[in-house]
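Only a predicted model underlies this, so the values are computations on that prediction, with no experimental measurement involved. Here is the naming used below: chain letters follow the sequence lines, and residue numbers restart at 1 for every chain.
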2 protein chains.
Amino acid sequence: MATDTKDRILEAAARLFAEHGYHATGVAGILRAAGVKSGSLYHFFSSKEDLLVAVMQRHLDLLRPQILDRAEAESVTEDPLEHVFSLLGIYRRSLLVSGCRLGCPVGSLALEVGNNTPRARALIERYFSVWVAQVRDWLNAAGPRLPEGLDRGAVARQILAVVEGGIIQARAAESLEPYDACVAQLRSSFELLLARRRYEQEEPRDTLMGEPSPTKRTGREVGGQFEWRAW
Amino acid sequence: MATDTKDRILEAAARLFAEHGYHATGVAGILRAAGVKSGSLYHFFSSKEDLLVAVMQRHLDLLRPQILDRAEAESVTEDPLEHVFSLLGIYRRSLLVSGCRLGCPVGSLALEVGNNTPRARALIERYFSVWVAQVRDWLNAAGPRLPEGLDRGAVARQILAVVEGGIIQARAAESLEPYDACVAQLRSSFELLLARRRYEQEEPRDTLMGEPSPTKRTGREVGGQFEWRAW
DNA sequence: GGTTTGATTGATTGGTTTATCAAACCATGG
DNA sequence: CCATGGTTTGATAAACCAATCAATCAAACC
């Protein structure tokens, strides 16, 4: 069927672009992976670059259902801060199952074709915007638990940076360790923010690095420290 | 002269790889940019991939003199924490003068040729290691101003992640704003760490988000907030 | 002055790439 | 049963790519 072929091409192209990059992926490889002849591809897409744009559009379309919503769904609590670390856990799993080869498909393409491919660049920008906006909303939903003056948009951008930068390092090192270190450090920063908020409010506190306001805490205890079940 | 030609080739290749990526850069373009004929290139480098490795080696060789040492040199104070933000300022300038096209030449290549080019990957990994080790040393030099139990290696990795991730976002957005937001947020985290340290020591403090221990403060005051002169 | 060594040239090769196109195919509706 | 239009085929064009190589040149060395 028509849409089936088109989807197979898109899926194959998305996978190969993510694995080897845009330029390193030949049309022949996409055809082979999709089980299609060249004419079919050029029936649906006017050029390789056009295919790239379609792949990016697909990533954008799938961002919410397959990444953001899933991060929420995987959180055992309704703590919006847990959604954030759930999200980081999704990328970690992607690295894990691919032997540190696949991280964020958009991040890779952003650096390779970012400029000099205007349509793709615009989609990448929107992708990041949606991502950041969702994380910002989660941070906003954490409401008074985070400090008053905190720029939650900037924090969301920083979280995205940590993800992308952590993935770069993990790929280079062929190890999850750098990614985990970045995330762990991010978690510490959050604990500090939460602690600071409690400090501002002069609430009673036992430990400074303690758990988030435990209204619904259902995470597991690990080594005496509360885990937000990011993975 | 011999070395002159070789250097011109390396320089041209490094620039073009950073601008357009490895695969998108043709040998012909390198020859044109270096003002050299193909035979010369293949006299010095056995293949395009060999040239890539040489370019990476060059980046590694220049990391200390042109990036890390310069970050120290540009700091007006001897505060090792200022070195860190000085370093972030170097990358910002690179983005600025190139219209957000050039960030970290190694980060781009890390994602594009990271795997499936073992020699290049190993050099990228070493590059990041040296980078992280230097930042870690700076953090260590900050000594007791940072909290006792802080994993300074992890913080250094996180800083690298913020740089690389901030650059990705800046390139995608064709704007410095995302990079600045990430760095600003990083700065806030540091202020929080310093504040926390002072809190631990039960030292007298006036503001929680105040300046770093002002033994040698020579930065400029901006809007009432202390600036570490990152740029 | 003659020889060796290394550097440089630039036309050329062989392979690969993206993209085209006319012909065949097939489902749907008249 | 045919007509139509979207779909698929696969050979092939045209451009591009990395890489080669015999020939020239320059300098250093004996």
Quick one: [X] [atom1] to [N] [atom2], roughly how many Å, whole number?
X	N	atom1	atom2	value
Phe44(B)	dT8(C)	CZ	P	5 Å
Leu31(B)	dA11(C)	CG	P	13 Å
Lys37(A)	dT12(D)	NZ	P	15 Å
Ile30(B)	dA19(D)	CD1	P	10 Å
Phe45(B)	dT8(C)	CZ	P	11 Å
His20(A)	dT17(C)	NE2	P	13 Å
Leu41(A)	dT20(C)	CG	P	11 Å

For [Y], is there any backbone N or O sitting under 3.5 Å from a side-chain donor or acceptor partner on [X]?
X	Y	result
Thr77(A)	Asp79(A)	yes
Arg8(B)	Ala34(B)	yes
Glu49(A)	Thr117(A)	no
Lys48(A)	Thr25(A)	yes

Residues Glu19(A) and Arg15(A) bridged, charged N to O under 4.0 Å
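Yes, charged N to carboxylate O under 4.0 Å.
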Residues 154-178 of chain A side chain polar contacts: donor-acceptor under 3.5 Å, at least two apart:
from	atom 1	to	atom 2	distance (Å)
Arg157(A)	NH1	Gln169(B)	OE1	2.6
Gln169(A)	OE1	Arg157(B)	NH1	2.6
Gln169(A)	NE2	Gly165(A)	O	3.4
Gln169(A)	NE2	Arg157(B)	O	3.1
Arg171(A)	NH1	Arg101(A)	O	2.8
Arg171(A)	NH2	Leu111(B)	O	3.0
Arg171(A)	NH2	Asn115(B)	OD1	3.4
Glu174(A)	OE1	Arg121(B)	NH1	3.2
Ser175(A)	OG	Glu177(A)	N	2.9

Would you confirm whether the ring centroid of Phe85(A) sits within less than 6.0 angstrom of the ring centroid of Phe190(A)?
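Close enough - the centres of the two rings lie under 6.0 Å apart.
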Arg126(B): which residues meet the salt bridge (Lys or Arg N to Asp or Glu O under 4.0 Å) condition with it, sequence neighbours left out?
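Applying salt bridge (Lys or Arg N to Asp or Glu O under 4.0 Å) to Arg126(B) gives none.
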Residues Arg119(A), Asp50(A); criterion salt bridge (charged side-chain N to carboxylate O under 4.0 Å, His left out); working and verdict:
CA-CA 9 Å; Arg119(A) 286 193 299 163; Asp50(A) 190 54; 3.3 Å; yes
Ser94(B): side chain to side chain contact (heavy atoms under 4.5 Å, CB included) partners, not counting sequence neighbours:
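Per chain and number, Ser94(B) pairs via side chain to side chain contact (heavy atoms under 4.5 Å, CB included) with Leu102(B).
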For nucleotides 20-29 of chain D, list the nitrogen or oxygen atoms of the protein found under 3.5 Å from its nitrogen or oxygen atoms, one pair per line.
from	atom 1	to	atom 2	distance (Å)
dT20(D)	O4	Ser38(B)	OG	2.8

His43(B) side chain near dA7(C) phosphate (N/O to OP1/OP2, under 4.0 Å):
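Affirmative; the distance criterion is met.
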Walk me through whether Glu74(B) and Arg93(B) qualify under salt bridge (charged side-chain N to carboxylate O under 4.0 Å, His left out).
CA-CA 13 Å; Glu74(B) 286 181 4; Arg93(B) 240 180 2 225; 2.9 Å; yes
Among residues 47-55 of chain B, which ones have heavy-atom contacts with DNA chain D below 4.0 Å?
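DNA chain D contact set from residues 47-55 of chain B: Ser47(B), Lys48(B).
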Can you tell me which stems involve DNA chain D, if a stem is defined as three or more consecutive Watson-Crick or G-U wobble pairs, both distances under 3.5 Å?
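Detected stem regions: C:1-30 with D:1-30.
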